*Asks:* 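Sharing a structure with you now.
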Amino acid sequence: MYWSANLESARWAGADLAFDATTERGTVRCLIRAHCLRDAVQRTGPEALSSNLPRLRPELARRFTASRPGDTVTLD
C-alpha cells in the first residue's frame with residue numbers, strides 16, 4: 001500500500017507524536033506513543049518524525065492496510 005507522511009503536520013500530543021498520513025484511500029491520523037520513539041528529546045515534531053520514520057515505516061504500513069479515511073492509527 002502506498003502512503004506518505006505529512007512531516008509538516010507532525011506535532012507533539014503530550015509525550016506522544018501525532019501526524020497525518022495520506023494513503024491510497026485518503027487521509028489518516030497517526031499517533032505514535034512516546035515509548036516507540038527514539039532520540040526524540042528536544043526535537044520538533046517534524047524532526048522527531050523524520051528521524052523515527054525509517055524504523056517505524058513497516059509497522060505503520062501494516063496498520064494502514066485496515067484503515068479508512070478519518071481513522072486514527074495508533075502505534076503503541
Side-chain angles (χ1 to χ4, degrees):
M1 165 180 272
Y2 169 80
W3 67 276
S4 64
N6 179 342
L7 293 177
E8 295 304 313
S9 71
R11 62 213 172 272
W12 291 107
D16 303 328
L17 185 62
F19 69 97
D20 297 328
T22 303
T23 71
E24 295 169 350
R25 297 181 186 130
T27 301
V28 177
R29 292 183 189 99
C30 304
L31 183 68
I32 302 174
R33 298 289 183 198
H35 66 270
C36 297
L37 298 169
R38 293 185 185 158
D39 302 321
V41 176
Q42 296 184 349
R43 291 186 184 233
T44 66
E47 290 171 340
L49 179 58
S50 180
S51 68
N52 280 275
L53 201 54
R55 184 177 54 80
L56 299 175
R57 184 173 287 280
E59 180 61 23
L60 287 168
R62 188 179 68 74
R63 294 182 187 223
F64 287 149
T65 59
S67 67
R68 292 189 238 163
D71 282 355
T72 299
V73 172
T74 303
L75 187 60
D76 53 3

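These figures come from a predicted structure and were not determined experimentally. The chain is numbered in sequence order, starting from 1. We use all heavy atoms of the structure for the numbers below, so side chains are in, but hydrogens, waters and symmetry mates are not.
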*Asks:* Tell me, please, whether W3 has R57 positioned over its six-membered ring: NZ or CZ under 6.0 Å from the ring centre and within 45 degrees of its axis?
*Replies:* yes
*Asks:* More than 12 heavy atoms of other residues, nucleotides or ligands under 6.0 Å from CD of E24: is that the case?
*Replies:* yes
*Asks:* List the atom of T65, the atom of R62, and the distance in Å for their closest heavy-atom pair.
*Replies:* OG1-O, 2.7 Å
*Asks:* Atom CZ in R43, atom CG in L17: separation rounded to 0.5 Å?
*Replies:* 11.5 Å
*Asks:* With a 4.5 Å limit on heavy-atom distance, are the side chains of D20 and E8 in contact?
*Replies:* no
*Asks:* Show the nearest heavy-atom pair for residues S67 and V73, with the distance to one decimal.
*Replies:* CB-CG2, 3.9 Å
*Asks:* Would you give me the side-chain donor-acceptor pairs under 3.5 Å for residues 26-34, sequence neighbours excluded?
*Replies:*
unit_1: R29; atom_1: NH1; unit_2: G70; atom_2: O; d: 3.4
unit_1: R33; atom_1: NH1; unit_2: D16; atom_2: OD2; d: 2.9

*Asks:* Considering all heavy atoms of both residues, which atom of S51 and which atom of R38 are nearest to each other, and what is their separation?
*Replies:* OG-O, 4.3 Å
*Asks:* Measure across L60 and F19 and return the closest heavy-atom pair with its distance rounded to 0.1 Å.
*Replies:* CD1-CZ, 4.1 Å
*Asks:* Would a distance-only check, ignoring hydrogens and angles, find a side-chain to backbone donor-acceptor pair under 3.5 Å from S50 to E47?
*Replies:* no
*Asks:* When rounded to the nearest 0.5 angstrom, what is the spacing between OG1 in T22 and OH in Y2?
*Replies:* 7.5 Å
*Asks:* Does R63 reach the main-chain N or O of T74 with its side chain, forming a donor-acceptor pair under 3.5 Å?
*Replies:* yes
*Asks:* What distance do T23 atom OG1 and R68 atom CZ have between them, rounded to the nearest 0.5 Å?
*Replies:* 12.0 Å
*Asks:* For A5 and L49, work out which heavy atoms get closest and say how close.
*Replies:* CB-CD2, 4.2 Å
*Asks:* Any chance you could measure T44, atom OG1, to R11, atom CZ, to the nearest 0.5 Å?
*Replies:* 13.0 Å
